[in-house]
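The block underneath contains the structure these notes are about, expressed in structure tokens.
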Amino acid sequence: MYSARLLDHFQNPRNAGEISRPDATAEVENPACGDVLRLTLKIEAGRIAEIRFKAKGCVPSMACGSAMTELVAGKTLGEARNLQRDELTAAVGGLPQASTHAVQLALDALAAALGPLKP
């Protein structure tokens, strides 16, 4: 049902946890399923120097949180804001149609964290 990449991100999450004294924080909940994703970020010289996530929810939500942090770590704020749905979906090796909400949750959390930051 799930790809090997998705299961790897779930079983071995990258960048899990929380940053103390972050420069940006966001917590987003999917009201339909109750999944929650929290992001904390450190920004240095206009780049994401460090990003951590905490997730409560389904396997795909946790995997998408992990994959998203890998994709945007080290990127400029503008590059991170341009992360596309298909890029994140590919990073977890695809998703069943019923699990596509997990990608949107990760993108929404990233947008919420980056929203107040200047480019």
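For clarity, every value in this text was computed on a predicted model and none was experimentally measured.
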Treating Ser3 as the side-chain partner and Val92 as the backbone partner, does any N or O pair qualify as donor plus acceptor under 3.5 Å? yes
Of all heavy-atom pairs between Leu71 and Ala91, which one has the smallest distance, and what is that distance? CD1-CB, 3.8 Å
Could you pull out the closest heavy-atom pair between Ala67 and Leu88, with the gap in Å? CB-CD1, 3.8 Å
The reported gap from CZ in Arg14 to CD1 in Ile51 (rounded to nearest 0.5 angstrom) is 14.5 Å
Among pairs that include at least one residue of residues 19-28, which meet salt bridge (Lys or Arg N to Asp or Glu O under 4.0 Å), considering only residues two or more places apart or in two chains? Glu27-Arg38
Residues in side-chain hydrogen bond (donor to acceptor under 3.5 Å, both in side chains) with Lys54, at least two apart? Glu18
Between CG on residue Leu37 and CG on residue Asn30, distance to nearest 0.5 Å: 11.0 Å
Taking every heavy atom of Leu6 against every heavy atom of Gly94, the minimum-distance pair comes out as CD1-O, 4.1 Å
Please examine the side chains of Phe10 and Pro60, heavy atoms only from C-beta on, and report whether any two atoms are closer than 4.5 Å. no
Looking at every non-hydrogen atom in both residues, tell me the closest pair between Thr40 and Gly17 and how far apart they are. OG1-O, 4.5 Å
With sequence neighbours left out, what residues match Arg85 under side-chain hydrogen bond (donor to acceptor under 3.5 Å, both in side chains)? Gln104
Evaluate Leu105 against Cys64 for side-chain contact (heavy atoms from CB on, under 4.5 Å), listing each step before the verdict. CA-CA 8 Å; Leu105 181 68; Cys64 286; over 6 Å; no
In the structure I gave you, are the side-chain heavy atoms of Leu39 and Thr25 within less than 4.5 Å of one another anywhere? no
Does the Gln11 side chain pair with the main chain of His9, one donor and one acceptor, at a distance under 3.5 Å? no
Passes side-chain contact (heavy atoms from CB on, under 4.5 Å), Val72 versus Leu41? Steps please. CA-CA 11 Å; Val72 301; Leu41 296 86; 6.0 Å; no
If I compare all heavy atoms of Arg47 with all of Gly74, which pair ends up nearest, and what's the gap? NH1-O, 2.8 Å
Please evaluate residues Val28 and Val36 with respect to the criterion side-chain contact (heavy atoms from CB on, under 4.5 Å), reporting the C-alpha separation (whole Å), side-chain torsions for both, the decisive distance (0.1 Å), and the verdict. CA-CA 6 Å; Val28 177; Val36 178; over 6 Å; no
Please examine the side chains of Asp8 and Ser66, heavy atoms only from C-beta on, and report whether any two atoms are closer than 4.5 Å. no
Salt bridge (Lys or Arg N to Asp or Glu O under 4.0 Å): pairs with one or both residues in residues 86-110, sequence neighbours excluded: none
Report yes if the side chains of Met62 and Pro13 come closer than 4.5 Å at any heavy-atom pair, otherwise no. no
Using side-chain contact (heavy atoms from CB on, under 4.5 Å), reason through His101 and Cys58 one step at a time and then give a plain yes or no. CA-CA 10 Å; His101 68 280; Cys58 65; 3.6 Å; yes
With rounding to the nearest 0.5 Å, note down the distance linking CD in Gln84 to OG1 in Thr89. 10.5 Å
Mind checking the CD-CG spacing from Glu29 to Asp35? Nearest 0.5 Å is all I need. 8.5 Å
Taking only residues two or more places apart in sequence or in another chain, which ones pass side-chain hydrogen bond (donor to acceptor under 3.5 Å, both in side chains) with Asn15? Arg52, Thr69
Using the test side-chain contact (heavy atoms from CB on, under 4.5 Å), find all partners of Lys75 that sit at least two apart in sequence or belong to another chain. Glu79
Taking all non-hydrogen atoms of both residues into account, name the closest pair between Leu7 and Val59 and its distance. CD2-CG1, 4.4 Å
